[in-house]
Amino acid sequence: MMKLEEILKGINVIEIKGEIEKNITGINIDSRKIESGHLFVALKGTQTDGHAYIGKAIEKGASAVVCETYPDQLEEGITYIKIADTEEAVGKLATTFYGNPTSKLELIGVTGTNGKTTIATLLYNMFRLFGYKVGLVSTVCNYIDDQAIPTEHTTPDPITLNSLLGRMAEEGCKYVFMEVSSHSVAQKRIGGLHFAGGIFTNLTRDHLDYHKTVDNYLKAKKTFFDNLPKSSFALTNLDDKHGLVMTQNTKAKVCTYSLRSISDFKGKVLEDGFEGMLLDINQTEVNVQFTGRFNASNLLAVYGAACLLGKKPEDVLLKLSTLRPVSGRFDALRSPKGYSAIVDYAHTPDALTNVLNTIHEVLNGRGQVITVVGAGGNRDKGKRPLMAQEAVKQSDKVIITSDNPRFEEPQDIINDMLAGLTQEDKKKVISITDRKEAIKTACMLAQANDAILIAGKGHENYQEIKGVKYHFDDKEIIKEIFANE
């Protein structure tokens, strides 16, 4: 509970109608979640305008409303606070109400197209190994130390996020590692948070259904670094052409990592296999349980961030050698028949390229590559033909199948993917709508020393069809097939 007057400190208020000395028991942007004594913030969202739900929020018990325009009728006993931009203000309102949690935590944000989940999760695991209580905000699951909190978005809305961070602070977490999506920056979901550091992984085509252009997508990512305070660090990937663009206007201390160039944290892959790699990091060798150059890059980011947070390099390397891959990120399983199946979340053309490059590096010509791939429904349609092209370019056989069709017809999505292929390309392609049958077919085609890539869903244990989530786990299906071989 907090006085409304206190919550509004730091917000540029145009006008207030009503009493501001009242106690506020909660804060919300969803009128359905309003309870007695809550503050309702009316947001102009991408789908609906919260101003249309002010009446509903008051019916549910809201005692105060923050809005950009007043409703036609002002209810007696309700306080109305008019401001210019509710989206801009909601993060600050939430962080004030929840006791400014990031002033009590070391919050590190990880942004980029690929690698966010891996880096954030490995840092969370590493700092728990160091003996700290740690929080994680990620696509897969949120954690308050070892307590799992289910998640629906890469970065939650500002109210949920500040409530979660507040709980983390109350329960004694010292560090929090958080994926920062482009949506969350563009929609100001992280407004009011204080970051101790930011990490940039890479930038390739993604979320153009929302951002419309790659330039808008880049600007959203860059805004995160532009807003970092002078006291924080900005760790960026020199191997990505956008790496230094991200940090060119930041006030934070800029540090770099690279597998190719001279940098603060320099790495090299000495040996590579499906079971792991031997790396050289800043002239010290370390064995890790990860595969591929993209993972070597992710591990460099983890190493660099841990060092920037004050850990000794030798201690970080020791912990790095014990870490295991994140579920659904280059998750390799060995078949009794002698081939390998790799489950990976790759759902962008670039991510698919990275994973297939890695498979080729490890196979070194000793076996064939069979790729099972689809594309999500009601998302960026432009990447569908590109996904098919990348798969065909680097595979001996390709099976195009369903991913999460959502509200689209699976065959329409498959047709969009096939549209990117030539008649010659199509000779190595089969399309099977049923994802389980597609995976089974790939396993039937595979011989000893081959590698199957099952791309797109990774850690997800569901398939979303016509608004319903059905249980579906690529890894479970692979294990079931292997048990019967």
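Any value given below was found using the heavy atoms of this structure, including those in side chains, with hydrogens, waters and symmetry copies removed. Position 1 is the first residue of the sequence, and the numbers go up from there.
- The minimum heavy-atom distance between Ile190 and Val180, with the atom names listed, is CD1-CG1, 4.0 Å.
- The shortest heavy-atom contact between Glu179 and Ser138 is OE2-CB, 3.1 Å.
- Rounded to the nearest 0.5 angstrom, Phe195 CZ and Phe233 CZ are separated by 11.5 Å.
- Listed by chain and residue number, Ser402, Pro410, Gln411, Ile414 satisfy the side-chain contact (heavy atoms from CB on, under 4.5 Å) test with Thr433 (two or more places apart in sequence, or in another chain).
- When every heavy atom of Arg334 is checked against every heavy atom of Ser340, the shortest pair comes out as NH1-OG, 3.0 Å.
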Using atom types as modelled, flag every donor-acceptor pair under 3.5 Å from a side chain in residues 478-485 to any protein atom, sequence neighbours excluded.
residue : atom : partner : partner atom : Å
Glu480  : OE2  : Lys436  : NZ           : 3.4
Asn484  : ND2  : Glu480  : O            : 3.1
Glu485  : OE1  : Ser335  : OG           : 2.6
Glu485  : OE2  : Tyr339  : OH           : 2.4

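- Here Glu409 pairs with Lys466 in a salt bridge; the nearest charged N to carboxylate O distance falls below 4.0 Å.
- For Thr401, the side-chain contact (heavy atoms from CB on, under 4.5 Å) partners two or more places apart in sequence, or in a different chain, are Val372, Arg435, Ala438.
- The CG atom of Asn354 sits 11.0 Å away from the CD1 atom of Ile359 when rounded to the nearest 0.5 Å.
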Thr113/Asp350 under side chain to side chain contact (heavy atoms under 4.5 Å, CB included): CA gap, chis, key distance, verdict: CA-CA 9 Å; Thr113 308; Asp350 184 68; over 6 Å; no
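- The salt bridge (charged side-chain N to carboxylate O under 4.0 Å, His left out) analysis of residues 261-281, with sequence neighbours excluded, yields no pairs.
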Hey, mind stepping through Lys337 and Cys443 against side chain to side chain contact (heavy atoms under 4.5 Å, CB included) and telling me if it holds? CA-CA 10 Å; Lys337 284 167 55 178; Cys443 293; over 6 Å; no
What donor-acceptor contacts under 3.5 angstrom involve side-chain atoms of residues 289-308, with partners at least two apart or in another chain?
residue : atom : partner : partner atom : Å
Gln289  : OE1  : Arg324  : NH1          : 2.7
Gln289  : NE2  : Ser321  : O            : 3.3
Gln289  : NE2  : Thr322  : O            : 3.4
Thr291  : OG1  : Gly273  : O            : 2.9
Thr291  : OG1  : Phe274  : O            : 3.2
Asn295  : OD1  : Asn298  : ND2          : 3.4
Asn295  : ND2  : Thr291  : O            : 3.0
Asn298  : ND2  : Phe294  : O            : 3.4

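- Using a 3.5 Å distance cut-off with no hydrogens or angles, the side chains of Thr371 and Ser395 do pair a donor with an acceptor.
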Only pairs under 3.5 Å count here: list side-chain donor-acceptor contacts from residues 446-455, not counting sequence neighbours, and write none if there are none.
residue : atom : partner : partner atom : Å
Asp450  : OD1  : Gln368  : N            : 2.8
Asp450  : OD2  : Gln447  : N            : 2.9

Which atom pairs, donor and acceptor, lie under 3.5 Å between side-chain atoms of residues 127-137 and protein residues at least two apart or in another chain?
residue : atom : partner : partner atom : Å
Arg128  : NE   : Asp145  : OD1          : 3.1
Tyr132  : OH   : Lys311  : NZ           : 2.6
Lys133  : NZ   : Glu171  : O            : 3.1

Passes side chain to side chain contact (heavy atoms under 4.5 Å, CB included), Leu244 versus Leu238? Steps please. CA-CA 7 Å; Leu244 291 178; Leu238 276 191; 3.7 Å; yes
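- Taking Glu460 as the reference, Tyr345, Asn404, Lys457, Tyr462 meet the side-chain contact (heavy atoms from CB on, under 4.5 Å) condition, with sequence neighbours excluded.
- Heavy-atom neighbours of Phe225 CZ from other residues, nucleotides or ligands within 6.0 Å: above the threshold of 12.
- Contacts of Lys92 classified as side-chain contact (heavy atoms from CB on, under 4.5 Å), with partners at least two apart in sequence or in another chain: Ile11, Glu88.
- The side-chain heavy atoms of Val373 and Met417, taken from C-beta on, include a pair separated by under 4.5 Å.
- Here the shortest heavy-atom pairing between Met387 and Pro349 reads SD-N, 3.3 Å.
- Side-chain contact annotation: Gln394 with Asn357, donor-acceptor N/O pair under 3.5 Å present.
- Under the 3.5 Å distance criterion, the side-chain polar atoms of Lys44 are left unmatched by any main-chain donor or acceptor of Glu87.
- Every pair tested for salt bridge (charged side-chain N to carboxylate O under 4.0 Å, His left out) that includes a residue from residues 228-238 fails, sequence neighbours excluded, so the list is empty.
- When all heavy atoms of Ile413 and Ala375 are compared, the closest pair comes out as CG2-O, 3.4 Å.
- In this structure a side-chain-to-backbone donor-acceptor pair under 3.5 Å is missing from Lys393 to Gln389.
- One finds the NZ atom of Lys222 at 9.0 Å from the OG1 atom of Thr247 (value rounded to the nearest 0.5 Å).
- For Gln463 (side chain) and Asp403 (main-chain N/O), a donor-acceptor pair under 3.5 Å exists by modelled atom type.
- Remark: side-chain polar atoms of Lys221 are paired, donor with acceptor, to backbone N or O of Gly112 under 3.5 angstrom.
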Applying side chain to side chain contact (heavy atoms under 4.5 Å, CB included) to Phe265 and Leu235, what does each step give before you reach the verdict? CA-CA 10 Å; Phe265 305 104; Leu235 177 60; 3.8 Å; yes
Without placing hydrogens or testing angles, list every side-chain donor-acceptor pair under 3.5 Å for residues 159-167, not counting sequence neighbours.
residue : atom : partner : partner atom : Å
Thr160  : OG1  : Asp157  : OD1          : 3.3
Thr160  : OG1  : Asp157  : OD2          : 2.6
Asn162  : OD1  : Thr95   : OG1          : 3.1
Asn162  : ND2  : Pro158  : O            : 2.8

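- Expressed to the nearest 0.5 Å, how far NZ of Lys440 lies from CD1 of Ile399 amounts to 13.0 Å.
- When atom types are taken as modelled, the side chain of Asp331 and the backbone of Ser327 share no donor-acceptor pair closer than 3.5 angstrom.
- Closest of all the heavy-atom pairs between Ser263 and Thr256 is CB-OG1, 3.3 Å.
- In this structure, the side chain of His242 does not engage the main chain of Asn202 through any donor-acceptor pair within 3.5 Å.
- From His459, atom NE2 reaches atom CG of Asp474 across 11.0 Å, with rounding to the nearest 0.5 Å.
- Side-chain contact between Val90 and Arg189 is absent, with no heavy-atom pair separated by less than 4.5 Å.
- Between the side chain of Asn378 and the main chain of Phe407, a donor-acceptor pair closer than 3.5 Å is present.
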Full working for side chain to side chain donor-acceptor pair (under 3.5 Å) between Thr201 and Asn237: CA-CA 6 Å; Thr201 62; Asn237 183 5; over 6 Å; no
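- Residues Leu107 and Met178 have side chains in contact (heavy-atom distance under 4.5 Å, counting atoms from C-beta outward).
- Note on residues 416-432: pairs passing side-chain hydrogen bond (donor to acceptor under 3.5 Å, both in side chains), not counting sequence neighbours, are Arg384-Asp416, Thr422-Asp425, Glu424-Lys427.
- At least one donor-acceptor pair closer than 3.5 Å links the side chain of Asp396 to the backbone N or O of Val369.
- Here Met126 contributes atom CE and Thr121 contributes atom OG1; the two are 13.0 Å apart, rounded to the nearest 0.5 Å.
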